Amino acid sequence: MSSLSEQSALATTLRTDTCGLLRSDDVGRTVRLGGWVHRSRDLGGVVFIDLRDRTGLVQLAFGLAWSDAETLRLAAAVGVESVVLCEGDIVARDADRQNPDMQTGAIEVRVRALRIVGPAVTPALPVARGRGEKVAAEELRLRHRYLDLRRPELQENLVLRHRLLQVSRRYLSERGYLELETPILTKPTPEGARDYLVPSRVHPGEFYALPQSPQIYKQLFMCCGFDRYFQIARCFRDEDLRADRQPEFTQIDIEASFVEREDILALAEGLIGALWLEAGHTIPAHFDRMSYHDAMEYYGCDRPDLRYGLRLADYTAVFAPLAFAVTASAIAAGSRVRGLVVPGGAAWSRKQVDELEALAKGAGAGGLLRLRYADGAYDGPLAKFLTDEARAALALTDGDLALFVAAPDRVASPALDRVRQECARRCALIDETMQRFVVVMDFPMFEEDPATGALAAVHHPFTAPHPEDLVSFPDHPARWRALAYDVVLNGTELGGGSIRISDPAMQSRMFALLGIGSTDEQERRFGFLLEGLRAGAPPHGGIAFGFDRIAMLLAGAPSLRDVIAFPKTTAARSLFEGAPVAVSPDDLAELHLTVTETSA
RNA sequence: GGGGGCGUAGCUCAGUUUGGUUAGAGCACUCGACUGUCACUCGAGAGGUCGCGGGUUCGAGCCCCGUCGCUCCCGCCA
């Protein structure tokens, strides 16, 4: 929106203009403004007020040459954060009176009339901060959110959020995607995250659930022929919180029919490109693809940060011939020896490497094997076991520190992932300006419980297995890959999706593999999906993006709470309005509920 | 469920290491002065359940135990 059209769009009966958009072009105009007193400076015979609205600040000037005595008195007395209406003339400031730090610093408003329409009590926390002054504690910011949201930083975040929503809607709508809504009161699903439950008044003892995602509904839309769907969907998960996880969050939810994986990924690339462009970043039109296998093999995790190297490698063949007990016994037990080489790491102290080992142990590894190569000498527990062949194969450069884990992959990968990330941080290898997108795909269909051998869906139970694997290992579902994909940026998952199962028989088999064996149980829990698939389902698939997380990244905010107007604390409370709360016995009785003592 | 950090004036913090007079500073607030400031400046003033509860001690903001809140991480998040 150009400033001119935005300026006129925001004009009302009470104001002709907004504060932050006034410029030298406006000199000579008479304007009416409304806004909040950001700061004021009373010099006796002349008073200045920085007036703030969502567009920014402008300086109001009061002086007896153009304001009457009563107006000057009011201006000197008005408290910060009060709402005022004023009328005055835009004048150019003399050259030595301009403020280059202010968008509106070349002009000021000589106020002839002032009304305090919304006097404010002294604010509980400051909105205008001095240079270098910290923001108030988050607890106070959340408790006094009506003030916190006045801060220009949060205003910008929420304005950006709005723009990103509009870009999403326009991008998808222009490509034939229909914005369709799905219920908020839905059916509980025992799988996956814990549901938020809502008791039914008219059906004693029965409950709705708030949706964890509109997954099944959007698949049913496909069965209905709404072949391109999207929704800016509010989702709910009753799990513990993190800086990047809220119990109530927004996703851009997308589903399409007659598509294969690359159709969805191309749409995803385009949408992400449009969102990043709106925030001022031009990114590649096409993202790299990486298999889950390679991600785990070379980075130890399924959402690799590709802004730096430090790739993991398999050193089993190097270690196998060595008479080093730790690795020999692990290899004999069927494990591999994997590790990474950190250039310059040889300079780290014993304590610093111990800290890395503690990270690896925290991730479940028994230890972290270190080999330092500096000044032509090898140092570390396995140094004296190295053969010439092993030294040649390792090919270390002077100053290198090599770190190894000898353990099953399920242990070694997460341990090496953490070590790799910490080494990158220490070596300052992370270029914060870099945006490295990658699509990780070919996830395994299931993960096996190491204790029981039971299968659990890695993605969700509606994800289609890879057709090649159905042919190659029809009777070994644990080896199936899924037609699932995640979009990853700099080690953060932006979104994920899959091609879905559209064959009701296959869907039924999938439920059975996941332990929902009986037809009765399948029908009771997922009958509405199976019926839809049986009624004639097109091939379909989709993706969902974590919108709050995207807004956080593009706003450069440290927490999701800074891009959500009224977020929850890590204890899932709303400090501002004060939720949740106990309700009256009458209300409980009407819902056929009793609160037990332990929860009181 | 587990681990770490924080909690002192309206706000941001110092004081806690080594217990000891009346708990301090900056900003904000109130009053006063000031006609060109933009973090205005200057003068004066008011403002405290040191999160809460218990304990140790002649004496606790400081030590101990418990508890509450916020936060970060692990588990969890198909």
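Below, chain A is the first sequence line, B the second, and so on; all start at residue 1. As the structure is a computational prediction, the values presented were derived from the model and not from experiment.
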Between A:Asp240 and A:Arg194, is there a side-chain N and carboxylate O pair less than 4.0 Å apart?
->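 So A:Asp240 does not pair with A:Arg194 through a salt bridge.
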Does the B:C77 base have a donor-acceptor partner in the side chain of A:Arg245 within less than 3.5 Å?
->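 Looking at the base of B:C77, it does pair with a donor or acceptor on the side chain of A:Arg245 (distance under 3.5 Å).
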Heavy-atom donor-acceptor pair, A:Arg242 side-chain to B:G75 base, under 3.5 Å =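 Between B:G75 and A:Arg242, which were checked side chain against base, a qualifying N/O pair under 3.5 Å is present.
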A:Thr122 side-chain N/O to B:A28 phosphate OP1/OP2 under 4.0 Å |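 So the side chain of A:Thr122 is outside the cut-off, no N or O lying under 4.0 Å from OP1 or OP2 of B:A28.
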What residue pairs, at least two apart or across chains, pass salt bridge (charged side-chain N to carboxylate O under 4.0 Å, His left out) with a residue in residues 556-572 of chain A?
->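 Those involving residues 556-572 of chain A are A:Glu138-A:Arg561, A:Arg141-A:Asp562, A:Glu248-A:Lys568.
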For A:Ala464, what residues pass the side-chain contact (heavy atoms from CB on, under 4.5 Å) criterion, not counting sequence neighbours?
->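 Expected list: A:Leu483, A:Ile499, A:Ile501.
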Establish, from distance only, whether the side-chain atoms of A:Thr30 and A:Asp89 form a donor-acceptor pair under 3.5 Å.
->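 A pair is found: one side chain offers a donor N or O, the other an acceptor, under 3.5 Å apart.
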Would you find a donor on one side and an acceptor on the other, under 3.5 Å apart, between the side chain of A:Arg112 and the backbone of A:Ser67?
->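 It does not hold such a pair.
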Reading 5' to 3' through nucleotides 2-8 of chain B, protein heavy-atom contacts under 4.0 Å coded B for base, S for sugar-phosphate only, - for none = -------
Protein proximity profile, nucleotides 31-42 of chain B - base contact B, sugar-phosphate-only contact S, no contact -, cut-off 4.0 Å on heavy atoms | ---BBBBBBB--
Mind checking what makes ring pair (Phe, Tyr, Trp, His ring centres under 6.0 Å) contact with A:His460, not counting sequence neighbours?
->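 Only A:Phe462 meet the ring pair (Phe, Tyr, Trp, His ring centres under 6.0 Å) criterion with A:His460.
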Just the table, please: protein N/O against nucleotides 9-12 of chain B N/O, every pair under 3.5 Å.
unit_1	atom_1	unit_2	atom_2	d
B:G10	O2'	A:Ala124	O	2.4
B:U12	OP1	A:Ala137	N	2.5

Between B:C77 atom P and A:Asp486 atom CG, what is the distance in whole Å?
->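 Computing the A:Asp486:CG to B:C77:P distance gives 16 Å.
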So what does A:Thr570 touch, heavy atoms closer than 4.0 Å: a base, only the sugar-phosphate, or nothing?
->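 Contact class for A:Thr570: base.
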